[in-house]
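Chain identifiers are assigned alphabetically (A, B, ...) following the order of the sequence lines, protein sequences preceding nucleic acid strands; residue numbering begins at 1 within each chain.
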Number of protein chains: 2
Amino acid sequence: MAKRIADSTVRRLSAYLRFLEDFESRGLETISSEELAQRGGTTSAQVRKDLSFFGSFGKRGLGYSVPELAGRLREILGLGKEWKVIIIGAGKIGAALAQYRGFRQRGFLILAAYDANEEKIGRKLEGIPVRDITQLERDVRQDRPDIAVLTVPAEEAQRVLDRVVKTGIKAILNFAPTQLQAPADVTVKTVNMAMELEGLSYALTNRD
Amino acid sequence: MAKRIADSTVRRLSAYLRFLEDFESRGLETISSEELAQRGGTTSAQVRKDLSFFGSFGKRGLGYSVPELAGRLREILGLGKEWKVIIIGAGKIGAALAQYRGFRQRGFLILAAYDANEEKIGRKLEGIPVRDITQLERDVRQDRPDIAVLTVPAEEAQRVLDRVVKTGIKAILNFAPTQLQAPADVTVKTVNMAMELEGLSYALTNRD
DNA sequence: TTTAACTTGTGAATTCGTTCACAAGCCGGG
DNA sequence: CCCGGCTTGTGAACGAATTCACAAGTTAAA
């Protein structure tokens with residue numbers, strides 16, 4: 001890949017793909033950058049610029065072919081293959097994720113959940129086996145998951161992350177409300193609800 | 001408030017507060033911008049700039065008083081008062097949120113959850129009453145919640161949001177993986193897991 | 001074939017956020 | 001009381017992301 005693409009750009013591509021799939025299911029053939037922009041809360045210039053990093057997919061005067069652009073976006077985002085996911089922490093959030101149909105829909109296959117609690121080990125979490133966290137390293141060697149989702153308490157998050165990194169997993173989705181340190185070749189995305197809530201609190205407090 | 005503060009700045013303030021609380025509990029008196037920066041994965045100049053938007057809280061040569069800065073940040077973020085929250089959608093994610101202790105800890109009081117499913121109405125979700133969604137408008141007039149958390153399917157999210165906005169609620173935390181349209185005076189924050197996952201997929205696919 | 005109405009792709013201009021760099025201020029030790 | 005070591009607060013420089021603006025290409029209709 002020639003240029004480094006900003007995180008915000010990738011997020012928008014992801015949003016565009018969602019609208020395209022909606023358009024696709026309604027049988028529409030073409031879409032303009034303006035239509036795409038309105039649905040995504042951005043501008044048509046932004047849409048065109050975002051896409052231009054990866055090539056030129058549109059036809060001047062006409063717009064973009066919906067199926068073609070959707071296909072190209074899936075390719076760019078790496079959604080062509082199946083990604084194997086493990087969930088670490090079989091609590092309430094882990095359970096909510098385990099049943100989330102968005103995973104499977106987009107090609108993310110959840111292999112297993114891990115926990116230290118003996119009462120949970122051996123059971124199923126929304127159909128997904130809960131395994132003993134002590135087996136993590138052995139299982140990873142065998143199953144080769146691509147992504148680990150962390151739903152453990154904040155206090156344990158860094159320790160668990162270090163362990164996960166050591167197994168060679170390069171992508172982590174963290175739900176613990178804490179900043180994590182990881183090597184540069186490991187991508188960590190954090191979903192921090194506490195932060196979002198405080199953002200709302202700030203907005204409510206500082207109105208014009 | 002004189003200047004418009006960037007979203008990214010508010011998120012960092014929220015992160016700083018978390019470290020400060022950690023420092024506070026360990027009985028430390030002062031902290032430098034450098035220490036704060038290291039924990040938050042940013043730079044000391046960034047920390048100082050962020051804080052400078054709101055005044056000057058530090059002592060040159062010494063750093064910041066931990067309790068004082070924590071207090072000022074809570075004030076800035078509007079965490080001094082108790083915010084009343086309702087959850088709309090009593091599914092798995094709603095349940096996970098209902099039991100999330102981070103809410104209460106930071107002064108967010110969950111009043112109730114709402115659902116259309118008769119089997120859920122009247123029961124409790126992690127100790128929180130599940131009410132009939134048809135009563136939403138009446139309840140809001142009475143209870144005056146500040147924040148609504150949306151954990152409904154993507155297809156219904158916009159419709160539910162419109163209804164919530166009409167009741168006068170000005171802050172919404174959305175968990176549906178969809179872009180929502182709201183009036184300018186309503187703040188909507190979306191936690192979009194699908195987007196984060198696709199960000200990981202992109203990162204795994206486009207390595208150097 | 002010509003024209004009018006559209007829409008893309010992209011350099012240039014602009015805006016916004018981050019980093020640099022340093023004067024100003026504080027503290028402790030001699 | 002003065003000096004050396006530290007750390008803040010903040011303009012200025014920089015860099016990144018967004019928006020502007022327009023040439024170039026497409027289509028449809030006359």
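In this structure, A:Thr43 reaches the D:dT19 phosphate: one of its side-chain N or O atoms is under 4.0 Å from OP1 or OP2. Close to D:dA17, at under 4.0 Å from its OP1 or OP2, lies no side-chain N or O of A:Gln46. Here B:Ser56 reaches the OP1 or OP2 of D:dG9: one of its side-chain N or O atoms lies under 4.0 Å away. The shortest distance between the side-chain N/O atoms of B:Tyr64 and the OP1/OP2 oxygens of D:dG9 is below 4.0 Å. Considering only side-chain N and O atoms, A:Arg12 lies under 4.0 angstrom from the phosphate OP1 or OP2 of D:dT18.
Closest contact between the side chain of B:Arg48 and the listed nucleotides C:dC22, C:dT19, C:dT8 involves C:dC22. The side chain of A:Ser52 has C:dT10 as its nearest neighbour among D:dA12, D:dT27, C:dT10. The side chain of B:Ser8 lies closest to C:dT18, out of C:dT18, D:dG9, D:dT19. Ranking C:dG9, C:dT18, C:dT7 by closeness to the A:Ser32 side chain, first place goes to C:dT7. Nearest to the side-chain atoms of A:Lys49 among the listed nucleotides C:dT18, D:dT19, C:dG9 stands D:dT19.
The CG-C1' distance, from A:Leu51 to C:dT8, rounds to 10 Å in whole Å. Rounding to whole angstrom units, CG of residue A:Leu69 and P of C:dT8 are separated by 11 Å. B:Phe57 has its CZ atom 12 Å from the C1' atom of D:dG9, to the nearest Å. Taking atom CZ on B:Arg4 and atom C1' on C:dG17, their separation rounds to 12 Å, with Å as the unit. Between the CG atom of B:Leu62 and the P atom of D:dC6 there is a distance of 13 Å, rounded to whole Å. What separates CG of A:Asp7 from P of D:dA16 is a distance of 15 Å, to the nearest Å. Between the C1' atom of C:dC16 and the CZ atom of B:Phe53 lies a distance of 10 Å, rounded to the nearest Å. Spacing between atom CD1 of B:Ile5 and atom P of C:dC16 amounts to 13 Å, rounded to whole angstrom units.
No more than 12 heavy-atom neighbours from other residues, nucleotides or ligands sit within 6.0 angstrom of CD on B:Glu29. Crowding of A:Lys81 atom NZ: a count of heavy atoms from other residues, nucleotides or ligands under 6.0 Å exceeding 12. Under a cut-off of 6.0 angstrom, the local environment of NZ in B:Lys59 is sparse, with at most 12 non-hydrogen atoms contributed by other residues, nucleotides or ligands.
In this structure, A:Ser33 reaches the sugar-phosphate backbone alone: every heavy-atom distance under 4.0 Å involves primed, P, OP1 or OP2 atoms, never a base. Residue contacts for A:Ser44: at a heavy-atom cut-off of 4.0 Å it reaches no nucleic acid atom on any strand shown.
Side-chain atoms of B:Arg60 come within donor-acceptor range of the base of D:dT8, with a qualifying N/O pair under 3.5 Å.
Nearest-nucleotide positions on DNA chain D for B:Glu34 and A:Asp50 put B:Glu34 closer to the 5' end. Comparing B:Gly55 and A:Ala6, the nucleotide of DNA chain D nearest to each residue sits closer to the 5' end for B:Gly55.
Although no hydrogens or angles enter the test, the distance criterion places no donor-acceptor pair under 3.5 Å between the side chain of A:Gln38 and the main chain of A:Glu35. When atom types are taken as modelled, the side chain of A:Thr151 and the backbone of A:Ile88 share a donor-acceptor pair closer than 3.5 angstrom. In this structure, the side chain of A:Thr205 engages the main chain of A:Ser201 through a donor-acceptor pair within 3.5 Å.
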